[in-house]
Amino acid sequence: MNAVLIALLVLPLLGAALTLAPVFGPDRATADRRALRLNTVVTGAVLLLAVALAAGFDHDEPARMQATTDVSWIPALHVRLHLGVDGISLPLVVLTALLTFLCALYSEKRLPNGDTVPSAQAFVGLFLLLEVGMLATFAVLDLLLFFLAFEIVLIPMYFLIARWGSGAKVPAANRFILYTLLGSAVMLLGFLLIGSKAGTFDMQALATAHGSGLSHTTQVIAALAILVGLAVKAPAWPLHSWLPDAHTAAPTVGSVLLAGVLLKMGTYGLVRVLLPVVPDGTTTLAPYLGAFAAVGIVYGSLACLALARPGSKGDLKRLIAYSSVGHMGFVLLGIASLTPVGVNGALFANIAHGLITGLLFFVVGALKDRYGTADLDTLAGATGATGATGAALYGRAPRLGALLAFAAVASLGLPGLAGFWGELLAMFGAFDPAQGLSRPAFVTYMVLAGLGTLLTAAYLLIVVKRVCMGDPEQPAPVADVADLRRYEAVSWTPLAALTLLAGLWPALLLGLSNPAVKHLLGGG
């Protein structure tokens, strides 16, 4: 299985290198078509490898690192090429492979407009390089390799936003790269401090040591640096301000991967690095992380409510971006509780958010393609029927409207869908936090999170009402909107099906993560 994991990383890297070769055809149309087909084939092969990795995974021992490779890479710096997956990282690897394949499939029919030619080959090369970085982040077990993988994703995503985005795309891309690079630099300082004091960057060895050999002061300083760096990517309030602009400007597939995978890199790092490597420092900072998480939940929901109000000219993509700040707040709250229940809830919410928000951005991207805008007032007016409600997306494009409504109710945490379990378990973790944490403070955070769930339901139901049913006082357009197209159905149906499956069968994920979480929290 270690060969499968290595192939998982090498294959998209080779595909990205191939896009630099002049082998795609004599004219631009042929080259673009072949490059996009290569993207689909490579990402499809990566998905098959991820499924094979999951099938060959020993589900009786999810706490044990499997499919491992451990060879010396840079002996002078004690850096090793150490790869492996366990019950925490395996679902994220599969999610990443799935979302990249669905985005490649979607792009084959709906390539974002580029500024220059040839756009398709450059797009595919950057897309596959992005996949390499995302997959490597969840597979590497060395702190410096983790940092390297963390950085690889920044350049492709920058160009995907700046070149294939819309609106104020260059300022949004600049803000994205500035925030994330500064956060990564701070995180690297924490990694170097740990490596210099512990004598190794190996994440498994550091997790087994569980902070022994590192003084309390060293742990606090390292934990603070790593927390700040990862919180930027998470994104945690108040370090989130790059996210709405990036999502608003990004192309559809860029938004899907940004929300579905890149945000998870930050929260995954908190679980993989902070909890087992610097446990004392994490315990010291956990109350502050919980406070920022609770504020982020309420803040994100209030921002979405403001954008959803009639007359506010709120952008629907921007609204979903702010909703991610609130949803990722639940992930951070679960991690801050330092309990198996809370951390399991955080990991479940990670996967659920990737599925649900990926679906939301796909649907909203389709609406923007059809109407030329994601402005909520325009969508509500453009889809509304004069003098009567209920003749908007539900009446004009019922399948598209149904998918939007499904994703919205899943996002608000309806029981039976994936969004429910992660938020519930995160609040349970806050209700009874780990020993040494203030229970009254965390109960307060739990109450704020509960208020956030009500606000989330409010703004998502307003969005569904306005876009799917329309504003009756607004004039209807002359032309009807196209309903769900075949390539859209093929790209989006797996996300809807997995959202339902995870909601009805949460043990599918929790059975993998729970033993691994207990192992990490216990010093393994």
Side-chain angles (χ1 to χ4, degrees), residues 5 61-90 92 136-151 183-231 233 265-286 289 335-336 338 340 343 346-347 434 513 515-524:
L5 185 57
E61 294 186 86
R64 177 173 61 86
M65 202 61 68
Q66 302 179 36
T68 56
T69 298
D70 188 8
V71 296
S72 179
W73 185 36
I74 310 176
L77 298 177
H78 307 289
V79 178
R80 304 185 65 81
L81 184 62
H82 195 179
L83 307 174
V85 292
D86 62 358
I88 293 173
S89 54
L90 180 64
L92 289 165
T137 301
F138 303 127
V140 298
L141 296 172
D142 183 277
L143 288 179
L144 292 187
L145 284 182
F146 179 86
F147 171 78
L148 181 62
F150 207 81
E151 293 300 285
S184 299
V186 175
M187 179 182 70
L188 179 61
L189 294 177
F191 287 171
L192 293 175
L193 178 60
I194 291 173
S196 64
K197 297 294 184 181
T200 181
F201 291 103
D202 187 271
M203 293 160 69
Q204 270 195 295
L206 291 168
T208 302
H210 206 56
S212 63
L214 299 175
S215 67
H216 179 74
T217 301
T218 298
Q219 289 197 41
V220 171
I221 294 173
L224 180 60
I226 296 169
L227 177 61
V228 169
L230 294 174
K233 187 67 73 72
M265 293 165 59
T267 51
Y268 169 78
L270 294 176
V271 175
R272 179 63 73 194
V273 180
L274 276 197
L275 297 186
V277 176
V278 283
D280 292 345
T282 305
T283 301
T284 301
L285 299 177
L289 177 60
I335 294 172
L338 304 182
V343 177
L347 293 172
S513 65
V517 166
K518 291 181 177 179
H519 188 61
L520 282 185
L521 291 175

Student: Got a second to check how far D202's CG is from L141's CG, nearest 0.5 Å?
Tutor: 7.0 Å

Student: If I compare all heavy atoms of L92 with all of I88, which pair ends up nearest, and what's the gap?
Tutor: CD1-O, 3.9 Å

Student: What do the steps show when you test M203 against V277 for side chain to side chain contact (heavy atoms under 4.5 Å, CB included), and what is the final call?
Tutor: CA-CA 8 Å; M203 293 160 69; V277 176; 5.6 Å; no

Student: Would you name the heavy atoms of G84 and L5 that are closest together and state the gap between them?
Tutor: N-CD2, 3.6 Å

Student: Give the minimum heavy-atom separation between D280 and H216, together with the two atoms involved.
Tutor: CB-ND1, 3.8 Å

Student: With sequence neighbours left out, write down each residue that passes side chain to side chain contact (heavy atoms under 4.5 Å, CB included) with L189, or none if nothing qualifies.
Tutor: none

Student: Can you check whether K233 reaches Y268 side chain to side chain, under 4.5 Å on heavy atoms?
Tutor: no

Student: Within the 3.5 Å criterion, strictly below it, is a donor on D86 or S89 matched to an acceptor on the partner's side chain?
Tutor: yes

Student: Could you check W73 against L145 for side chain to side chain contact (heavy atoms under 4.5 Å, CB included), going step by step and ending with a plain yes or no?
Tutor: CA-CA 10 Å; W73 185 36; L145 284 182; 3.2 Å; yes

Student: Locate the shortest heavy-atom distance separating A207 from P276; write the atom from each residue and the value.
Tutor: CB-CB, 3.7 Å

Student: Who pairs with A231 by side chain to side chain contact (heavy atoms under 4.5 Å, CB included), at least two apart in sequence or on another chain?
Tutor: A236, L239

Student: Among I194, T282, L270, find the one that has a side chain to side chain contact (heavy atoms under 4.5 Å, CB included) with I226.
Tutor: I194

Student: Q66: which residues meet the side-chain hydrogen bond (donor to acceptor under 3.5 Å, both in side chains) condition with it, sequence neighbours left out?
Tutor: none

Student: For I221, check side chain to side chain contact (heavy atoms under 4.5 Å, CB included) against everything at least two apart and list the hits.
Tutor: L193, T217

Student: If you compare all heavy atoms of F150 against all heavy atoms of T137, which two are closest, and at what distance to 0.1 Å?
Tutor: N-OG1, 3.8 Å

Student: Starting from the C-alpha separation in whole Å, work towards a yes-or-no answer on side chain to side chain contact (heavy atoms under 4.5 Å, CB included) for L83 and V140.
Tutor: CA-CA 5 Å; L83 307 174; V140 298; 3.7 Å; yes

Student: Return the set of residues passing ring pair (Phe, Tyr, Trp, His ring centres under 6.0 Å) with F201 (not counting sequence neighbours), or none when no residue passes.
Tutor: none

Student: Keeping Q219 on the side-chain end and G211 on the backbone end, is there a donor-acceptor pair under 3.5 Å?
Tutor: yes

Student: Let's go through L520 and L275 carefully: what are the C-alpha distance in whole Å and the side-chain angles of both, what is the deciding distance for side chain to side chain contact (heavy atoms under 4.5 Å, CB included) to 0.1 Å, and is it a yes or a no?
Tutor: CA-CA 7 Å; L520 282 185; L275 297 186; 5.5 Å; no

Student: Which atoms form the tightest heavy-atom contact between L347 and S513, and what is the distance?
Tutor: CD1-CB, 4.0 Å

Student: Please name all residues satisfying side chain to side chain contact (heavy atoms under 4.5 Å, CB included) with L188, sequence neighbours left out, ordered by chain then number.
Tutor: L144, F147, L192

